[in-house]
Novice: 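Have a look at this one before I ask anything.
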Amino acid sequence: MDQEMGRKEVLEHFDIGMETAGYGNGHINDTYLVTMPRYILQRINTSIFSNPDQLMENIENVTGFLREKIAADGGDPDRGTLTIVPTKDGGRYYRLDEANVFRVYRFVEGTKTIEDSKTPGDLYEAGAGFGHFQKLLADFPVEKLHETIRDFHHTPKRVQALREAIREDRAGRAESVKREIEFALENASWADTVVKGMEEGRIPARVTHNDTKINNILFDQVSGKAVCVIDLDTVMPGSMLYDFGDALRMGGSTGAEDEVDLDRVWFDVESFRAFAKGYLGEMREALTEDELALLPFSVKLMTYECGIRFLTDYLNGDTYFKIHRERHNLDRARNQFKLVADIAGKEEALGGIVREACGKQDLSGSPS
Ligand code: ADP
Ligand code: GN1
Ligand code: MG
């Protein structure tokens, strides 16, 4: 079916406007702005999120929980969290056909997303926003959450998937990316640090967002303050290290995630300082010594994990992440690996910043 016709048919099932335009820069879902009044219409990527019932149940439970907390703190729940707009017959989403599942959120007005150029002030706010989100969800009943993507941040399994992609070489590209493969496999030795820590009970499971890109947070257009954490598809039990590291993966880079001029891609220590200050302002008291000690490492780990995911997708013929040009996933992988190498040389300095932010001389965690 013609995509626009399909969207019109979908919109008839919601009590909202009928005009749409493409919106946002996400890699996964198809996002549209519904105008007058404004709503967000999203086609859920069902090849990645195969169970929309469980997915939307998670989001309803999490946003409902946040709504109450925000109201109790005297905040505005309509801005502080997403609001699902039900279909006319009360559903959480509308299924047009097998592959086309749509949901609608209220548009959070007066906000902006930040893609690539961000200031230390933005990063402080992002840290405070993601930290606050985690703090509010600290007593969310974890057992209610469905695992929307199994083993999402199980880095060793991501390495395994890369090894499989190399072996299968479905797109015939392995030979041309030998250097990247070598880098990925050479660094695989520390990939299990967080997973092992969780299995051994040293790192606690918390409710985590799991996709803390800077463009997954809405900032107030006027004050620049973090307003609302969005893209809640992957809220699941996990380690806070996933969220901290993943946010700085993009937030701490001097370049865009797909910048091809690698001389412009570095990890910026001051961005780390700003984000860590914002995040720890909310979460310091809740974190264990092990978690604190692993904060710098988590940035390297999550950047590595994302890099190998991009490389795997390139080897598989670009079946997961949306691409906008040939070799886009390879460009992204190279970019992430450049950052991994740079972060590795700065881990000690980053540790100093964490200690300073916590007012501690020593953190006695056991990083790797
Ligand atoms: P994806 O999973 O594809 O990344 P997102 O849920 O992050 O999809 O949405 C993509 C973009 O759409 C966001 O980065 C943001 O700019 C915008 N967006 C999403 N939901 C809202 C909302 N409720 N209000 C305002 N903007 C939104
Ligand atoms: C995807 O959906 P989006 O664009 O916020 C991906 C993240 C990656 C990110 C890389 C569900 O995030 O895990 O880190 O791209 N989301 C999913 O930019 O796989
Ligand atoms: Mg997103």
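For ligands, and for the atoms within them, numbers begin at 1 and follow the listed sequence. Sequence positions, counted from 1, serve as the residue numbers for this chain. Since this is a predicted model, take the numbers as computed values, not measurements.
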Novice: If you define the side chain from C-beta out and look only at heavy atoms, does anything of I323 sit under 4.5 Å from R332?
Specialist: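 In contact.
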
Novice: So does R249 pair up with E257, basic N to acidic O under 4.0 Å?
Specialist: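 Counted as a salt bridge, because a side-chain N and a carboxylate O are separated by less than 4.0 Å.
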
Novice: Would you check, one step at a time, whether the test side chain to side chain contact (heavy atoms under 4.5 Å, CB included) holds for D246 with N210?
Specialist: CA-CA 8 Å; D246 199 21; N210 294 307; over 6 Å; no

Novice: Applying side chain to side chain contact (heavy atoms under 4.5 Å, CB included), run through F275 and L295 and close with a yes or a no.
Specialist: CA-CA 11 Å; F275 184 90; L295 293 180; over 6 Å; no

Novice: Looking at ligand 1, does any of its N/O atoms fall within less than 3.5 Å of an N/O of R106?
Specialist: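 N/O-N/O distance under 3.5 Å: yes.
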
Novice: I need the nearest protein heavy-atom contact for atom 19 (O) of ligand 2: residue, atom name and distance, please.
Specialist: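 It is Y320 OH, 2.5 Å.
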
Novice: Suppose I only count heavy atoms of F49 and a 4.0 Å limit; which atoms of ligand 2 are within that range?
Specialist: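 Within the 4.0 Å cut-off of F49, ligand 2 contributes 11 (C).
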
Novice: Which heavy atom of the protein is the closest neighbour of atom 16 (O) of ligand 1, given with residue, atom name and distance?
Specialist: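 Checked against all protein heavy atoms, atom 16 (O) of ligand 1 sits closest to T113 OG1, 3.1 Å.
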
Novice: Looking at E182 and R179, does any basic side-chain N land under 4.0 Å from a carboxylate oxygen?
Specialist: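 Salt bridge flag = no for R179 with E182.
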
Novice: Out of R309, H153, E305, H27, whose heavy atom sits nearest atom 8 (C) of ligand 2?
Specialist: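 Among R309, H153, E305, H27, the closest heavy atom to atom 8 (C) of ligand 2 comes from R309.
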
Novice: If you count the atoms of ligand 1 from 1 in the order shown, which ones are under 4.0 Å from a heavy atom of L82?
Specialist: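 It comes down to these atoms of ligand 1: 23 (N).
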
Novice: Any N/O/S atom, side chain or main chain, of N25 closer to the Mg ion (ligand 3) than 2.8 Å?
Specialist: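 Given the 2.8 Å cut-off, N25 does not count as a ligand of the Mg ion (ligand 3).
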
Novice: Could you tell me whether K346 and D342 make a salt bridge, using a distance below 4.0 angstrom between a side-chain N and a carboxylate O?
Specialist: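 Yes.
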
Novice: Nearest protein heavy atom to atom 24 (N) of ligand 1, by residue and atom, and its distance?
Specialist: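 Nearest protein contact, heavy atoms only, for atom 24 (N) of ligand 1 is V108 N, 3.0 Å.
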
Novice: With a cut-off of 2.8 Å, does any N, O or S atom of D211 fall short of it relative to the Mg ion (ligand 3)?
Specialist: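 Looking at D211, which is the residue asked about, there is no N, O or S atom under 2.8 Å from the Mg ion (ligand 3).
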
Novice: Purely on distance, is any nitrogen or oxygen of N210 under 3.5 Å from one on ligand 2?
Specialist: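 By distance alone, the answer is no.
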
Novice: Could you check atom 4 (O) of ligand 1 against the protein and tell me its nearest heavy-atom contact, residue, atom and distance included?
Specialist: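 For atom 4 (O) of ligand 1, the nearest protein heavy atom is D231 OD2, 2.9 Å.
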
Novice: Regarding D243 and R206, does a basic nitrogen lie under 4.0 Å from an acidic carboxylate oxygen?
Specialist: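 Result for this pair is no, no salt bridge flagged.
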
Novice: For N216 and ligand 1, does the shortest N/O to N/O distance drop below 3.5 Å?
Specialist: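 Min N/O separation from ligand 1 is below 3.5 Å for N216.
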
Novice: Identify, for atom 5 (P) of ligand 1, the protein heavy atom at the shortest distance, and state residue, atom and that distance.
Specialist: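 So the nearest neighbour among protein heavy atoms is Q42 NE2, 3.4 Å.
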
Novice: With atom 12 (O) of ligand 2 as the reference point, say which of D233, D258, D211 has the nearest heavy atom.
Specialist: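 Answer by nearest heavy atom: D211.
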
Novice: Considering non-hydrogen atoms of the protein only, which is the closest contact for atom 2 (O) of ligand 2, and what is the distance?
Specialist: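 The answer is I28 CG1, 3.1 Å.
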
Novice: Does a side chain donor of either E259 or N335 reach within less than 3.5 Å of an acceptor in the other side chain?
Specialist: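 No pair is found: no donor N or O on one side chain lies under 3.5 Å from an acceptor on the other.
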
Novice: Going by the order shown, which atoms of ligand 1 are within less than 4.0 Å of some heavy atom of F107?
Specialist: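 Per the distance check, 24 (N), 25 (C), 26 (N).
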
Novice: With heavy atoms only and a cut-off of under 4.0 Å, state how N29 meets ligand 2: side chain, backbone, both or neither.
Specialist: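 Looking at N29 and ligand 2, no heavy atom falls under 4.0 Å.
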
Novice: Could you tell me whether a side-chain N or O of R67 sits under 3.5 Å from a main-chain N or O of T83, the two making a donor and an acceptor?
Specialist: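 Flag not set: sc R67 to bb T83 has no pair under 3.5 Å.
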
Novice: Of the protein's non-hydrogen atoms, which lies at the shortest distance from atom 11 (C) of ligand 1, and what is that distance?
Specialist: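 Nearest protein contact, heavy atoms only, for atom 11 (C) of ligand 1 is G24 CA, 3.9 Å.
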
Novice: Taking N or O atoms only and a 3.5 Å limit, does T234 qualify as a polar contact for ligand 2?
Specialist: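 No: no nitrogen or oxygen of T234 is under 3.5 Å from one in ligand 2.
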
Novice: Can you tell me which residue among H153, H154, R158 is in a side chain to side chain donor-acceptor pair (under 3.5 Å) with E305?
Specialist: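 Between E305 and the candidates, side chain to side chain donor-acceptor pair (under 3.5 Å) is satisfied uniquely by H153.
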
Novice: What protein heavy atom sits nearest atom 17 (C) of ligand 1, and how far off is it?
Specialist: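 The closest heavy atom on the protein side is Y23 CE2, 3.6 Å.
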
Novice: What atoms of ligand 2 come within less than 4.0 Å of a heavy atom belonging to D231?
Specialist: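 Near D231, meaning under 4.0 Å from one of its heavy atoms, ligand 2 has 2 (O), 3 (P), 5 (O).
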
Novice: Any salt bridge linking D268 with K118? Criterion: basic side-chain nitrogen under 4.0 Å from a carboxylate oxygen.
Specialist: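 Between K118 and D268 there is no salt bridge, as every charged N stays at least 4.0 Å from the carboxylate O atoms.
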
Novice: Among all the protein's non-hydrogen atoms, which is closest to atom 13 (C) of ligand 1, and how far away is it?
Specialist: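 Of the protein heavy atoms, I230 CD1, 3.6 Å lies nearest.
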
Novice: Pick, from K213, R249, E257, the option with the minimum heavy-atom distance to atom 14 (O) of ligand 2.
Specialist: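 Checking each option, the heavy atom nearest atom 14 (O) of ligand 2 is found in R249.
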
Novice: To which protein heavy atom is atom 21 (C) of ligand 1 closest, and what is the distance rounded to 0.1 Å?
Specialist: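 Checking every protein heavy atom, the shortest distance to atom 21 (C) of ligand 1 gives I40 CG1, 3.5 Å.
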
Novice: Which atoms from ligand 1 have a heavy atom of G26 less than 4.0 Å away?
Specialist: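 So the answer, numbered in order with elements, is 1 (P), 3 (O), 4 (O).
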
Novice: Report yes if N215 has an N/O atom closer than 3.5 Å to an N/O atom of ligand 1; otherwise report no.
Specialist: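 Yes, N215 has an N/O under 3.5 Å of an N/O on ligand 1.
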
Novice: Is ligand 2 under 4.0 Å from a heavy atom in the side chain of Y242, in the backbone, in both, or in neither?
Specialist: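 It is neither; nothing of Y242 touches ligand 2.
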
Novice: Is K69 salt-bridged to D139, going by a charged N under 4.0 Å from an acidic O?
Specialist: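 Yes.
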
Novice: Could R7 and D30 be called an ion pair, given the rule that one side-chain N must be under 4.0 Å from one carboxylate O?
Specialist: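 No, no charged N to carboxylate O under 4.0 Å.
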
Novice: Is the shortest side-chain heavy-atom distance between I343 and Y304 below 4.5 Å?
Specialist: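 Not in contact.
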
Novice: Regarding ligand 1, does N29 bring an N or O atom to under 3.5 Å of one of the ligand's N or O atoms?
Specialist: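 It does: an N or O of N29 is found under 3.5 Å from an N or O of ligand 1.
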
Novice: Any salt bridge between R173 and D318, counting N to O under 4.0 Å?
Specialist: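 Yes, charged N to carboxylate O under 4.0 Å.
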
Novice: Identify the residue among F297, F272, F130 that makes a ring pair (Phe, Tyr, Trp, His ring centres under 6.0 Å) with F244.
Specialist: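 Of F297, F272, F130, ring pair (Phe, Tyr, Trp, His ring centres under 6.0 Å) with F244 is met by F272 alone.
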
Novice: To make sure I understand the geometry: which N, O or S atom in D231 is closest to the Mg ion (ligand 3)?
Specialist: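 It is OD2, the N, O or S atom of D231 closest to the Mg ion (ligand 3).
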
